[in-house]
Amino acid sequence: MVIQNYHPEEPFNALFKECYYIHMERGSGVRSIPVIDDCYYDLVFFKEAKGALCYGPKATVLPIHHKVFTIHDLQPPYRIEVEGALTFFTIKVQPWANGYFFSELKGKGILDIKNKELGELWKALFAATSLAERFQLAEGFMESHPVEASPSMTLAREICEYICEQQGKVSVNEISNRFGRSRQYLGKVFRKEVLYPLKKFIITVRILDLVKYKASHPEISLTELGYLYGYFDQPHFINDFKKVCGVQPMHFFNKLPEFMLRHV
């Protein structure tokens with residue numbers, strides 16, 4: 001499997017966090033790639049436009065027939081299953097820009113978002129002969145969507161950045177005090193711009209930072225890891241972990257996916 005990712009610098013990082021390219025050669029049997037809902041919406045470009053998404057505790061299967069899509073409002077765990085070759089490119093939008101790009105989504109599941117512009121980008125991405133060219137195309141797409149940040153988007157960005165700086169080890173009350181706004185007001189603004197509840201974003205940031213730390217420090221026990229991230233009882237830790245990753249910590253870390261290692 002080939003996995004290449006790119007993190008943009010200013011000014012492009014105001015709109016997207018990362019783009020990555022994955023290629024799996026044709027082989028025997030069905031292969032799978034785990035996907036974690038990190039609260040950052042994705043523009044996903046599938047070259048083969050086929051495969052399946054398994055989601056939820058019952059591993060419900062949805063076929064993937066779209067060339068350009070995003071995943072919306074499904075229950076973890078997720079995994080993409082493919083038979084044969086798979087090539088795709090993803091642009092991961094910054095959370096405070098979720099509303100700007102995806103506020104008009106209808107329904108839930110694997111949603112086709114292909115339009116003329118994204119169709120042309122799909123063609124260009126898979127006609128490109130180098131990763132550098134693909135990453136330049138992603139930057140060009142974002143450059144063609146200049147955003148006049150509204151006060152609410154600016155506030156959402158400041159909140160997101162603060163939560164990430166704190167590794168998710170912060171409460172809604174602490175954020176309310178820091179920004180001098182009521183919980184209700186912050187919750188409304190955050191949901192409008194990020195399309196996720198503020199508390200869910202906090203938990204997600206904390207758990208994913210915890211996953212990165214464990215990947216870099218395999219010797220640490222799960223109990224110590226929980227304490228390090230503010231969990232002083234295992235049931236609370238396990239419950240939050242399952243909300244984000246869909247499985248218990250022991251199961252996840254025993255089979256730490258290669259795909260997740262790109263975050264480390």
Side-chain angles (χ1 to χ4, degrees), residues 3-22 33-46 68-73 76 78 80 88-103 105 111 113 118 121 125 131-150 152-170 189-198 200-213 215-216 244-245 257-264:
I3 302 175
Q4 297 284 346
N5 67 328
Y6 169 71
H7 295 275
E9 298 179 354
E10 291 285 356
F12 303 109
N13 62 359
L15 281 183
F16 76 109
K17 177 179 185 288
E18 176 190 23
C19 50
Y20 55 88
Y21 171 86
I22 292 182
I33 297 175
V35 181
I36 290 180
D37 181 2
D38 55 8
C39 300
Y40 295 70
Y41 272 79
D42 295 334
L43 294 160
V44 186
F45 300 82
F46 255 41
V68 188
F69 63 89
T70 196
I71 299 169
H72 179 59
D73 197 23
Y78 312 140
I80 293 173
F88 69 94
F89 188 88
T90 295
I91 299 175
K92 186 175 289 295
V93 172
Q94 290 285 16
W96 54 84
N98 285 347
Y100 175 77
F101 285 103
F102 298 102
S103 63
L105 291 178
L111 302 185
I113 56 174
L118 291 175
L121 181 56
L125 284 169
L131 289 171
E133 187 179 352
R134 293 186 181 101
F135 296 149
Q136 287 173 358
L137 286 166
E139 288 188 344
F141 172 76
M142 288 300 171
E143 192 171 20
S144 69
H145 290 79
V147 176
E148 288 283 341
S150 65
S152 63
M153 181 188 282
T154 299
L155 177 58
R157 177 175 182 171
E158 291 173 354
I159 294 170
C160 288
E161 290 177 338
Y162 176 67
I163 293 169
C164 291
E165 287 170 3
Q166 300 300 311
Q167 301 171 304
K169 294 181 279 191
V170 64
V189 166
F190 201 85
R191 189 63 186 253
K192 172 179 177 287
E193 300 294 348
V194 182
L195 306 182
Y196 282 92
L198 177 54
K200 177 176 175 60
F201 186 83
I202 292 170
I203 292 171
T204 300
V205 169
R206 182 187 299 187
I207 293 298
L208 291 184
D209 199 275
L210 178 153
V211 166
K212 296 175 195 176
Y213 188 89
S216 300
V244 176
C245 299
E258 179 187 358
F259 182 66
M260 278 300 298
L261 295 179
R262 79 184 211 285
H263 293 292
V264 179

With sequence neighbours excluded, tell me which residues meet side chain to side chain contact (heavy atoms under 4.5 Å, CB included) with [X].
X: P11; value: none
X: L195; value: Y41, N98, F102
X: T154; value: A149, E158
X: E148; value: none

Original post:
Under the side chain to side chain donor-acceptor pair (under 3.5 Å) rule, what pairs show up with a residue in residues 201-211, not counting sequence neighbours?
Top reply: Q167-D209, D209-Y229
Side-chain donor-acceptor pairs under 3.5 Å in residues 140-147, sequence neighbours left out?
residue	atom	partner	partner atom	Å
S144	OG	F141	O	2.6
H145	ND1	F141	O	2.8
H145	NE2	E117	OE1	3.3

Mind checking ring pair (Phe, Tyr, Trp, His ring centres under 6.0 Å) for [X] and listing every partner two or more places apart, or none if nothing turns up?
X: Y6; value: F135
X: Y40; value: none
X: F69; value: F46
X: F16; value: none

Original post:
Looking at residues at least two apart in the chain, or sitting in another chain, which of them share a side chain to side chain donor-acceptor pair (under 3.5 Å) with Q94?
Top reply: none
Subject >> Sequence-distant partners of R157, side chain to side chain donor-acceptor pair (under 3.5 Å), two or more places apart >> reply: E161
Original post:
Measuring from R134:CZ to Y21:OH, what's the distance to the nearest 0.5 Å?
Top reply: 4.0 Å
